[in-house]
Amino acid sequence: MPIVYHENTKVFHIHNRYFSYIIDVLRNGQIGQLYFGAPLKDRENFTHMQVNERRDMDPCVYEGDQSFSLEDTKQEYPVTGNGDLRNMAATVVNPDGSRYADFKYVSHVVTPGKPKLEGLPATYVEDDAEAETLTITLADEVTKAELELSYTLYADRPVLARNARFVNHGDRELVLDAAMSANIDLPDARWNMLDFTGAWGRERHLDERPLKTGVQSIYSLRGHSSHQFNPFLILKRPETTETAGECFGVSLVYSGNFLGQVEVDNYHVTRVMMGIHPEGFAWRLGPGATFQTPEAVIVYSADGLNHMSQAYHELYRTRLARGYWRDRPRPVLINSWESTYMRFDEDKVYGIAAKAHELGVDLFVLDDGWFGHRDNDESSLGDWFADPKKLPNGVEGLARRITALGMKFGLWFEPEMISKDSKLYEAHPDWMIRVPDRTPLHGRNQFELDFTKPEVVDYIAEQMEKILGTGLVSYVKWDMNRSMTDVFSQGRPAEFQGEVYHRQILGVYALYERLTSKFPEVLFESCASGGGRFDAGMLYYAPQGWISDDSDAIERLKIQYGTSFGYPISSMGSHVSAVPNHQVFRRTPLKTRADVAYFGTFGYELDVNKIPPEEQEEIRAQIRFFKDHYDLIAHGTFYRLISPFGANPVGLQEGAETAWMVVSPDRSRALVGYYRAHQPVNEGYRSLRLDGLDPEREYEVRDTAYRMPQVDGETFYGDELMHHGFDVSDSGFGPWTTWIYQGDYQSRLFEITAR
C-alpha cells in the first residue's frame, strides 16, 4: 500500500495493485497531475508525462519564458488567478476584491489510517492498516492562506478518497467562491460519461454520452442532491463493458447542492471536478477559520463497470454505513402509506399490523398523518405530537399494542419542514427560510425550517427524542418533501447568506448525528419524496434509503439497476406494493413484484387485509424466502447481466429484458433475477449468461417457481454458465408449458448451488 514521494523529482506515486495515481510539484510550486490509470511499476521520474508546449495566447507564469503556462498544464487542484482559463476547482476572493491565489507546495506527511472529517460524513477504517493518507500542504505567501489536499489510499480496494481543507492564517477575511472536493486532469478525451438522471418517480436512469469539446455537467441547486441528478458520475472507455475495459467513478459523499463537471479543452485534455456547487456559495474565511470540503470517493477499474460498482458496494456497505444495523439483518417491514394515506385511526392500522404479523412481517411503520391535526398536507409539520382523534392513546399507546404482538414499531417524521398551519410557526415564524418582503414559495404546501440556526435543530431534536426515548420506536422513516427556494436566513446579515445552503445540510447532518448517537439501535431510513436525496452522504447516517416513490415493479427495474452502479443493494428500500400500482396504475403479478423487491431491503406497501387468502399465503412464502436468502442478497457480490436501458435482441422491444444476480463470497451460491417486461411473438432462443461463478465447479440450477425442463434441476459447470448460459426463452419450455410463462411483466428467479 505504498504512497511514495521521490525527493529528487518531486513526484508522488500513490498506488496499490489496482491503480496508480501520480502527481508532482510543478516548476511554480503548484501540484500537477501526471497519471491516473492501471498500476505502474514505481520509478523515480514520471515527469515526462507532463507535456508543455508553447501556444499562442497562453498566459505564461515567468516573464520572458513562454514554455510554461498553466493554461495547457495538467493540474491537480487548479485555483483562479494563475493563468489557467479553464474552469477552476477553487476561487479565493481577496480583501481587495481580486480573485487570485497562488498555493505552492510547503510540505507533506503520510500517516496510517484515515482521519475523520469533522461535521461531515465520510468513509472510514476500522484498523489503521487498512489505509494510508497523504496530506499535502500548500500556502499562498501573500494572504497566508493554506490549502491541504488529502488523499486516502485503501490497501485492498481500488479506492482513492479525496478532500480539500482551507485555513486562513492571515489577519484579514477571505471569501471562498468555489471549493471543489476533487479535480483530475486526464491527457485525452476518449471517454464516455455515464450519469444517472431523472425526476420524481424515475430516479437514477442511466444516461451515456461521448465526451465532446466543452462542458458536460450534472448538478443540483435544490438544496439536496435531487431526483434530477445524483452526485455520482462515471467515465468509461467507449469499448468498456460490464465485464471488461477501463472506467472510473467519482462519488461525492454529500447531500446538498453539488456540481459534477467534465470539461474537454481544445487540446483534448479532460478535466473532471466534483464538489459543492459554487452557485449560491460564498464562504467567509475569517482569520484563523477553516473550511472543509466534502469527500469525493474515486474508484478505478480495468475490468469493467461491474468491478467498479462492486468496489463501491463493499466500501459503502462496510466503511460508510455505520453502527448497529450495518451488518445485522434488516427487518421485513410493512408501511402504512399506500394502504391508508392519512385516513386512519388506531384500530385500522393495528388491524393491518396484526394481519401482517401473522404473515411473518417484522416491523410495522406508521407513515404520514399521525401528528398535530394532519388530515392533508397543508398542516402540522413541526408539531411532533400525536393527533388525539387518530391516536387517542398517543404514539406510545399504539406502539405498545403493536409491540405486544411481537412486532417492531416504526414512525414517519419530516423533521426539516414546517407548515404555516402549525403551533411551531405561530411561535417562531422567524424559523422559516424565506426572503423578507417577498411572498414565500411553497412546495407540497410546506416550507423549510432554518437548520443553520442551532436552536432550531435543538428544538426538533428534543421533540423527536421525547418519542424515541420511550424505547418503543425501532425505526424512523426520515422524509424530506420539498426543495429549497427563496433561500435566506432571517435575522442574519447579507454576508451570511452565501453560507446558508451548506450550513443547512450541516444542520441536517448534526441532527442525524445527535439522534443516531443517542438511539443507536433505531434503524433510520432516509427518504426525500422518494429518491430525492439518495446519496452517499445519507448512507453514513441511514444504512438504507427509499429509492423512489414509484413502487411499480417494472419501473423499479430501471431505478434499481441505475442505482446499483454506485450503491449497494443492501441500501435500497424496495417494497411490494398494491395493484393497480398507485403511481403508474399497472397490474403486475405478485411474484414479479417480490422478485424485483428481493434485491433490496424488502417490505410491503399494501393492506394485507384486502388481498385474497391465496395471495396472503404467497406473501408468507415470500417472506420466508427472503429471510432464508438474506445473507446472500445483502452480503453477496452483485452483477448486472442485462440492462433495461439497452437495445435487446431481435424479437423484444427495447428495454424489454433485465437480468441481474448476486453471488456468495465463496461462489457456492447465487440468486439470479430475470425479468421480461414485454411479451415477444414467436421469439427465437435466448440464453442467459451468468457471471462471478467458479469456472471449475459444477452448479445445479433451479427455477424457484416454474420447474422448467432443460433448466430446472440440471447441472452445469461454471464456465458453461458464464460463457454459454442457459435457456430462458419460451421455446425452451416445450409447447405444453408455454402458457405458464407468457404475457407481459413476467419474472423468473433461479437458485444456483455448487454441487
Side-chain angles (χ1 to χ4, degrees), residues 91 93 97 173-179 199-200 219-229 231 254-259 275-286 289 291 294 372 376-383 414-461 479-511 528-529 532-533 537:
T91 299
V93 183
E173 182 176 274
L174 305 172
V175 176
L176 293 175
D177 263 5
W200 177 89
Y219 70 96
S220 174
L221 289 170
R222 299 167 181 270
H224 56 103
S225 50
S226 85
H227 302 83
Q228 283 68 22
F229 296 103
Y254 188 63
S255 309
N257 287 357
F258 77 92
L259 175 65
I276 295 173
H277 203 300
E279 180 71 26
F281 175 85
W283 194 271
R284 296 169 300 164
L285 205 63
F291 180 77
N376 54 49
D377 62 11
E378 297 177 2
S379 77
S380 302
L381 290 170
D383 294 347
E414 193 171 2
E416 301 154 61
M417 300 298 157
I418 187 170
S419 303
K420 283 191 173 181
D421 180 8
S422 68
K423 295 183 181 300
L424 180 59
Y425 183 79
E426 289 176 11
H428 294 286
D430 56 314
W431 283 7
M432 188 177 92
I433 285 180
R434 62 169 298 177
V435 177
D437 303 319
R438 305 284 186 180
T439 301
L441 302 174
H442 72 86
R444 205 192 180 211
N445 298 305
Q446 63 190 49
F447 304 88
E448 188 137 10
L449 282 168
D450 189 347
F451 267 36
T452 73
K453 297 177 177 178
E455 62 270 27
V456 177
V457 176
D458 287 343
Y459 175 84
I460 296 299
D479 210 344
M480 191 281 293
N481 283 298
R482 67 153 292 174
S483 298
M484 293 181 71
T485 58
D486 36 323
V487 176
F488 190 91
S489 180
Q490 297 184 68
R492 293 311 204 347
E495 57 268 23
F496 181 85
Q497 305 306 325
E499 302 178 12
V500 171
Y501 275 118
H502 183 56
R503 289 193 183 276
Q504 181 76 5
I505 201 65
L506 292 181
V508 173
Y509 289 155
L511 181 57
S529 195
R533 198 166 64 187

From [X] atom [atom1] to [Y] atom [atom2], the distance as rounded to the nearest 0.5 Å:
X	Y	atom1	atom2	answer
Ile433	Gln490	CD1	CD	9.5 Å
Leu511	Asp458	CG	CG	9.5 Å
Ser380	Ile418	OG	CD1	11.0 Å
Arg284	Glu173	CZ	CD	6.0 Å
Asp479	Leu381	CG	CG	9.5 Å
Lys420	Gln446	NZ	CD	13.0 Å

* Enumerate the residue pairs fulfilling side-chain hydrogen bond (donor to acceptor under 3.5 Å, both in side chains) with a member in residues 421-440, sequence neighbours excluded, ordered by first and then second residue. =>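 Found His373-Asp421.
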
* Any residue meeting salt bridge (charged side-chain N to carboxylate O under 4.0 Å, His left out) with Arg492, in chain and number order, not counting sequence neighbours -> none

* Can you list the residues that meet the salt bridge (charged side-chain N to carboxylate O under 4.0 Å, His left out) rule with Asp383, with sequence neighbours excluded? ->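 Expected list: none.
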
For [X] and [Y], which heavy atoms make the closest approach, and how far apart are they?
X	Y	result
Ser489	Val500	CB-CG2, 4.0 Å
Arg533	Ser225	CA-OG, 3.4 Å
Arg482	Leu441	NH1-O, 3.0 Å
Pro415	Leu449	O-CD1, 3.6 Å
Leu285	Phe291	CD1-N, 3.8 Å
Gly537	Tyr509	CA-OH, 4.0 Å

* Asked: Can you check whether Ser419 reaches Asn445 side chain to side chain, under 4.5 Å on heavy atoms?
  ->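 Sidechains of Asn445 and Ser419: no contact.
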
* Would you call the rings of His442 and Phe447 parallel, tilted or perpendicular, where under 30° means parallel and over 60° means perpendicular? ->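 It falls in the perpendicular class, over 60°.
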
* To do: May I ask you to check whether His224 and Ser483 show a side-chain donor-acceptor distance below 3.5 Å?
  => yes

* Asked: Any side-chain donor-acceptor pair under 3.5 Å between Asn481 and Glu414?
  ->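 Yes, side-chain donor-acceptor contact under 3.5 Å.
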
* Asked: Taking atom CZ of Phe496 as the centre, does the number of heavy atoms from other residues, nucleotides or ligands within less than 6.0 Å exceed 12?
  -> yes

* Tell me, please, which residues at least two apart from Asn257 pass side-chain hydrogen bond (donor to acceptor under 3.5 Å, both in side chains). => none

* **Any residue meeting side-chain hydrogen bond (donor to acceptor under 3.5 Å, both in side chains) with Tyr501, in chain and number order, not counting sequence neighbours** => none

* To do: Name all residues meeting the side chain to side chain contact (heavy atoms under 4.5 Å, CB included) criterion together with Ala510; count only those two or more places apart in sequence or in a different chain, and write none if there are none.
  =>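 If we apply the side chain to side chain contact (heavy atoms under 4.5 Å, CB included) test to Ala510, skipping adjacent residues, there are no hits.
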
* Asked: Could you walk me through whether Leu221 and His277 pass the side chain to side chain contact (heavy atoms under 4.5 Å, CB included) check?
  -> CA-CA 7 Å; Leu221 289 170; His277 203 300; 3.7 Å; yes

* Decide if the gap between the ring center of Tyr254 and the ring center of His502 is smaller than 6.0 angstrom. => yes

* To do: Evaluate the criterion side chain to side chain contact (heavy atoms under 4.5 Å, CB included) for residue pair Glu448 and Gln504; output intermediate values, then yes/no.
  => CA-CA 10 Å; Glu448 188 137 10; Gln504 181 76 5; 3.3 Å; yes

